[in-house]
Novice: 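Input: one structure, supplied below.
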Amino acid sequence: MDLNFTPEEDEFRLKVRRFLEENIPKSGLGDGREGREDKAWLGRAKEWQRKLYEAGYVAMAWPKEFGGQALEPVRQSIVNDELVRAKAPYLIGGSGLGMLGPTLISWGTEEQKKRYLPKILTAEEIWCQGYSEPGSGSDLASLRTRAEIVGDEFVVNGQKVWTSGAQYSDMMFCLVRTDPEAPKHRGISYILIDMHAPGVTVRPLVQMTGDRGFNEVFFDNVRVPRKNLVGKLNEGWIVANATLFHERNMLGSASGSEQRFNRLLALAKSIQRNGRPLTEDAVFRQRLADLEIRVEAMRLHAMRQLTDQIRGRQPGIEAMINKLVGTELNHDLATAAMEAMGDDSLLARDEQSVLDKGYWPYEWMFSLGLVIGGGTSHIQKNIIAERGLKMPKSR
Ligand SMILES: Cc1cc2nc3c(=O)[nH]c(=O)nc-3n(C[C@H](O)[C@H](O)[C@H](O)COP(=O)(O)OP(=O)(O)OC[C@H]3O[C@@H](n4cnc5c(N)ncnc54)[C@H](O)[C@@H]3O)c2cc1C
């Protein structure tokens with residue numbers, strides 16, 4: 001494994017850094033994760049993604065014919081690092097870029113790729129993920145939303161829940177039951193639903209962060225053209241898993257952990273315990289050392305994966321580890337910060353005396369959501385044990 005970048009890659013990094021210094025929106029977008037509903041915010045968020053895309057920094061590895069540049073993954077990895085380093089707002093089209101896009105590239109028809117991929121890149125169409133339902137989260141294959149075929153259409157009835165960003169999404173990639181008689185994994189299809197179609201109702205839910213990040217979505221006789229089926233009828237489970245694979249990789253991405261660790265370190269230096277900075281407290285130092293080792297392990301793990309990608313190797317068990325380890329690490333970093341702040345961690349974000357601009361309490365709550373979303377840690381452990389280590393199935 002080569003841990004060095006080439007001179008051209010270093011030069012490219014500087015170019016990206018300069019672009020971000022000059023172009024990151026200075027205000028009015030927050031960090032982009034809050035899931036707001038007002039049109040002005042949405043417009044600014046889309047504009048930011050479009051600007052980044054036009055500069056050539058979005059989905060750079062995608063095929064050229066659909067708006068990508070077919071570049072080596074290392075370029076995108078440099079851009080991702082720089083986005084985190086510059087504290088750039090999250091991309092509003094993240095679900096399309098990170099989940100549906102790569103799935104369509106492997107599983108979509110040519111018509112679907114042409115129709116959807118370019119608008120994902122430019123944020124003209126925002127996507128949400130319709131997997132979870134009341135009673136079907138970890139046991140996703142038990143989902144009950146029905147789609148019946150009537151002529152050239154599916155007619156969809158049922159309910160999804162915890163749908164992130166549905167309130168401002170134009171489209172949903174959705175799992176529906178098309179054969180209720182088949183064993184549960186076999187009667188599912190993967191379809192693309194227009195969120196503006198008659199019969200779709202979205203009801204935002206408030207999270208513990210106070211944000212309206214996710215929603216309930218109801219379908220009442222929603223008509224979906226049959227050409228919006230991805231993969232084969234009743235064989236959507238395999239496509240659904242392809243999307244989950246991309247989602248888990250995206251959620252576990254290591255790049256943010258280094259930044260968070262550095263922020264935690266700065267916080268600990270600024271806090272006094274027994275007349276000394278917290279970084280000189282023997283017990284807290286151990287904690288910091290443990291976290292730094294985990295951050296470094298994730299950085300090296302990401303480099304290993306990048307090397308594999310460059311060499312064209314299929315991702316194996318190492319890709320399954322990302323979600324579990326990356327999301328738990330980020331939550332543990334936030335937990336350490338909360339404990340370092342003690343009672344001050346209870347102050348609201350806008351209190352004058354709040355430490356580190358109120359970043360950590362929000363981050364602590366938000367990062368817990370990512371430990372659960374995309375499949376909980378328990379489920380990741382089961383997958384790693386069963387599919388990665390070939391251990392007997394859990395019951
Ligand atoms: C921030 C956030 C965003 C989300 N966004 C979306 C979205 O956009 N679209 C979408 O479809 N869904 C979304 N989800 C839903 C998410 O996928 C589910 O919450 C998750 O899969 C867990 O399902 P559940 O909430 O029904 O919990 P349950 O499945 O009811 O699990 C409850 C507990 O039991 C444990 N458990 C369950 N089964 C097992 C088992 N076999 N072995 C061991 N332990 C087990 C779980 O680990 C968990 O601790 C989001 C969730 C969060 C938190």
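In each ligand, atom 1 is the first atom listed, and ligand 1 is the first ligand listed. If you're wondering where the values come from, they're calculated on a predicted model, not measured in any experiment.
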Novice: Between the side chains of Glu235 and Ser189, is a donor N or O closer than 3.5 angstrom to an acceptor N or O?
Specialist: no
Novice: Return yes or no for this condition: an N or O of Trp162 is under 3.5 Å from an N or O of ligand 1.
Specialist: yes
Novice: Between Thr163 and ligand 1, find which residue part has any heavy-atom pair under 4.0 Å and reply side chain, backbone, both or neither.
Specialist: backbone
Novice: Would you kindly specify which portion of Asp139 sits under 4.0 Å from ligand 1, judged on non-hydrogen atoms: side chain, backbone, both or neither?
Specialist: neither
Novice: Which is closest to atom 36 (N) of ligand 1 in terms of heavy atoms, Cys128, Ser169, Ser138?
Specialist: Ser138
Novice: Could you name the option among Pro134, Gly130, Gly137 that has the heavy atom nearest to atom 26 (O) of ligand 1?
Specialist: Gly137
Novice: Given the ring of Phe5, does Arg13 sit roughly above its face, with NZ or CZ under 6.0 Å from the centre of the six-membered ring and within 45° of the axis?
Specialist: yes
Novice: Mind jotting down which residue pairs meet the ring-ring contact (aromatic ring centres under 6.0 Å, His included) criterion with at least one end in residues 258-313? Sequence neighbours excluded, please.
Specialist: none
Novice: Would Ser136 count as a polar contact of ligand 1, with the cut-off being nitrogen or oxygen pairs under 3.5 Å?
Specialist: no
Novice: Once you restrict to heavy atoms under 4.0 Å, what part of Leu370 touches ligand 1? Side chain, backbone, both or neither.
Specialist: neither
Novice: Would you say Gly374 contacts ligand 1, with heavy atoms under 4.0 Å as the rule?
Specialist: yes
Novice: Fit a plane to each ring of Trp127 and Phe173, take the angle between them on a 0 to 90° scale, and name the class: parallel (under 30°), tilted (30 to 60°) or perpendicular (over 60°).
Specialist: tilted
Novice: Please state which option from His378, Glu133, Lys160 has its nearest heavy atom closest to atom 44 (N) of ligand 1.
Specialist: His378
Novice: Which word best sums up how the rings of Phe19 and Trp48 line up, parallel for under 30°, tilted for 30 to 60°, or perpendicular for over 60°?
Specialist: parallel
Novice: Between the main-chain N or O of Arg313 and the side-chain N or O of Asp308, is there a donor-acceptor pair closer than 3.5 Å?
Specialist: no
Novice: Run down the list Ser142, Gly373, Ser377 and name the one with the heavy atom closest to atom 52 (C) of ligand 1.
Specialist: Gly373
Novice: Just jot down the side-chain contact (heavy atoms from CB on, under 4.5 Å) partners of Leu368, sequence neighbours excluded, or say none.
Specialist: Met208, His331
